[in-house]
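A quick write-up on the structure given underneath.
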Amino acid sequence: MPSYTAPTKDMQFVLHDVLQASTQDIPGYDEMDRDFTGAVLEEAGKVAQDVLHPLNVVGDTQGCTLENGVVRTPEGFKAAFDQVREGGWTALDADIEYGGQGLPYLMHTGVGEILSAANMAFNMYQGLTHGAYSAIHAHGTDAQKQKWLPKMVSCEWTGTMNLTEPHCGTDLGLMRTKAVPQDDGSYKISGQKIFISAGDHDMSENIVHLVLAKIQGGPEGIKGVSLFIVPKIMVDDEGNLGARNGVSVGKIEEKMGIHGNSTCVMNYDEATGYLLGTEHKGMRAMFTMMNEARLGVGLQGYAQAEIAYQNALAYALDRLQGRDVTGTKNPDGPADPLIVHPDIRRNLMDQKSFVEGARAFVFWGAMMIDRAHRNGDKDADGLISLLTPIIKGFLTDKGFEYATAAQQVYGGHGYIEEWGMSQFARDARIAMIYEGANGVQALDLVGRKLAVDGGKHVMAFFDMVKSFIKENAEDETLQAGFLDPLKAASKDLQAAGMYFMQNGMKNPNAALAGSYDFMTMFGHVCLGLMWAKMAKAAGAALKQDGADRDFLEAKIATGRYYMARQLPATGMHLARIQSGPENVMGLEATAF
Ligand SMILES: Cc1cc2nc3c(=O)[nH]c(=O)nc-3n(C[C@H](O)[C@H](O)[C@H](O)COP(=O)(O)OP(=O)(O)OC[C@H]3O[C@@H](n4cnc5c(N)ncnc54)[C@H](O)[C@@H]3O)c2cc1C
């Protein structure tokens, strides 16, 4: 059976040595000192290890069931959800006014990694609620916030996001669900939504569905889409639960992974809904929380790679196969452990260097979100918006890749369910698809984000890398294997951007055919920058009395591996982009 230990030491290193969280000029960050974040992460680790992780396999094997219109979650989920709720874990960064604890989003993100790694399917129930909470918080009237938010913060009522329909997922302009205005200001919502995560379950008193629908007579296409609050059970003005609304579950989808999360077909039959935000501006309302939601999915990607890596490492230390060609390491045993073999080392280093780099990237991104929200910093907002498709796309692609790489360490046992490794890969796979498929993230990056504010934010990113290299030119740790690769990779990325500028206007396919490569190489540069920051912090910490030498030296060595073995991938991606769209688009559709 797999196990999980929250990597709190690594998290604390990122929060304090790298990001220096408690000294940042962001309101609320002064409380985030080492002791405080350490205590929160340790407690979250206990919940994850003792309560959530043991239910991971239970959720995977039992799945959710639909009985007489009611969805039942796997055994133990409800009790665990009560425990998470009572521990206040669902309310960490929520607004104090609605019962939250008002902590920074960064703290929520650290805890989120732990809970998601331990049990991704379970954590989605509160993750979706958090997304719905954020949308109501940003766009609701005062009365709506008072009515819905306190119970959502405590997760007594959970939330969902309903965008997808049978004939449309990416192209939501094709949506058919309709909203008919009523005399009392409410709407009657009718239509079918599919693939709705946490669409129904038995762990909360009520479910607050956020549903995209078209108000009759509104503009065609995406410009006519509005967002509605549609409760499963009606709520009166005093907050009392009343009759069932016209919302029902058509079926639960059978799927590849995250079996513990109920993915539902939802039918809305003249259900009562309340407009959230402005008429026909539903997509804008959804998009205001996209940075957070997509960062949360990127986090799911590397969190699954983290738990898979932990188990692969334990297996590699334990399993005896073959001998070290440079000299036996286990003379008393019949063979040496797998970890002696260079190819196993390569695999483990790939996983380790990705997961630790990804964690730094996501924590840094969460800090940008805090800076944007708490300081009203428009530059931070622009930068995180630019990087959001990379966090989502790159980290979930690689998260899946490394979850399967971890399976490989187990050989055939990785493919056998008994060992639990296939669940990590199966669960991680969905993160590449939902919240906007990764190909669409790449389109968003190249087709939209690069040009925002006249390219100001991408230029700011390049300046950030350049300044880092310049300011640290004399840093001895960084001189050895960090600065040159980072410079070269950043140059490749700029050359790719230049190619798009020179060719994209004449032929949009020149940019679109290279968009996935661009997203991937941008991801590598981001992780390269994060590793340089981590190496700098580790180098500085090594000079302190009582430094944890083994830990800090391992950080630097892992970073050096990423710079030498992963970052050069930017050269290949640049070559692909510069080869132009002809190779991609050369065949007629009928010739495939
Ligand atoms: C387990 C699960 C949970 C989900 N949870 C939710 C949820 O809670 N709420 C919700 O609303 N939805 C949810 N979804 C739906 C999910 O967000 C969609 O499946 C996803 O957005 C893709 O939409 P689609 O499946 O219709 O694919 P399509 O839109 O048909 O796309 C198919 C493929 O074509 C590509 N593509 C599409 N358009 C373009 C283009 N213009 N250029 C290039 N490539 C393109 C896509 O990248 C994709 O690879 C969930 C799905 C699953 C499987």
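Side chains are part of it too, since the values below use all heavy atoms of this structure and drop only hydrogens, waters and symmetry mates. When a ligand or atom number is given, it counts from 1 through the structure's own listing order.
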Legend entry - Whether Gln441 side chain and Gly436 backbone form a donor-acceptor pair below 3.5 Å: yes
With the criterion set at N/O pairs under 3.5 Å, what does the list of contacts between the protein and ligand 1 look like, atom names and distances included?
residue: ligand 1; atom: 5 (N); partner: Phe195; partner atom: O; Å: 2.7
residue: ligand 1; atom: 5 (N); partner: Ser197; partner atom: OG; Å: 2.8
residue: ligand 1; atom: 8 (O); partner: Ser197; partner atom: N; Å: 3.0
residue: ligand 1; atom: 8 (O); partner: Ser197; partner atom: OG; Å: 3.3
residue: ligand 1; atom: 9 (N); partner: Met161; partner atom: O; Å: 2.7
residue: ligand 1; atom: 11 (O); partner: Leu163; partner atom: N; Å: 2.7
residue: ligand 1; atom: 11 (O); partner: Thr164; partner atom: N; Å: 3.0
residue: ligand 1; atom: 11 (O); partner: Thr164; partner atom: OG1; Å: 3.2
residue: ligand 1; atom: 12 (N); partner: Thr164; partner atom: OG1; Å: 2.7
residue: ligand 1; atom: 14 (N); partner: Phe195; partner atom: O; Å: 3.4
residue: ligand 1; atom: 26 (O); partner: Gly169; partner atom: N; Å: 3.2
residue: ligand 1; atom: 29 (O); partner: Thr170; partner atom: N; Å: 2.9
residue: ligand 1; atom: 29 (O); partner: Thr170; partner atom: OG1; Å: 2.5

Whether [X] and [Y] hold their rings parallel, tilted or perpendicular, with breakpoints at 30° and 60°:
X: Phe354; Y: Tyr402; answer: tilted
X: His108; Y: His130; answer: parallel
X: Tyr268; Y: His209; answer: perpendicular

Legend entry - Stacked cation flag Lys151 on Tyr98, 6.0 angstrom / 45 deg: no
Legend entry - Approximate separation, where rounding is to 0.5 Å, of Lys392 NZ and Asp444 CG: 11.0 Å
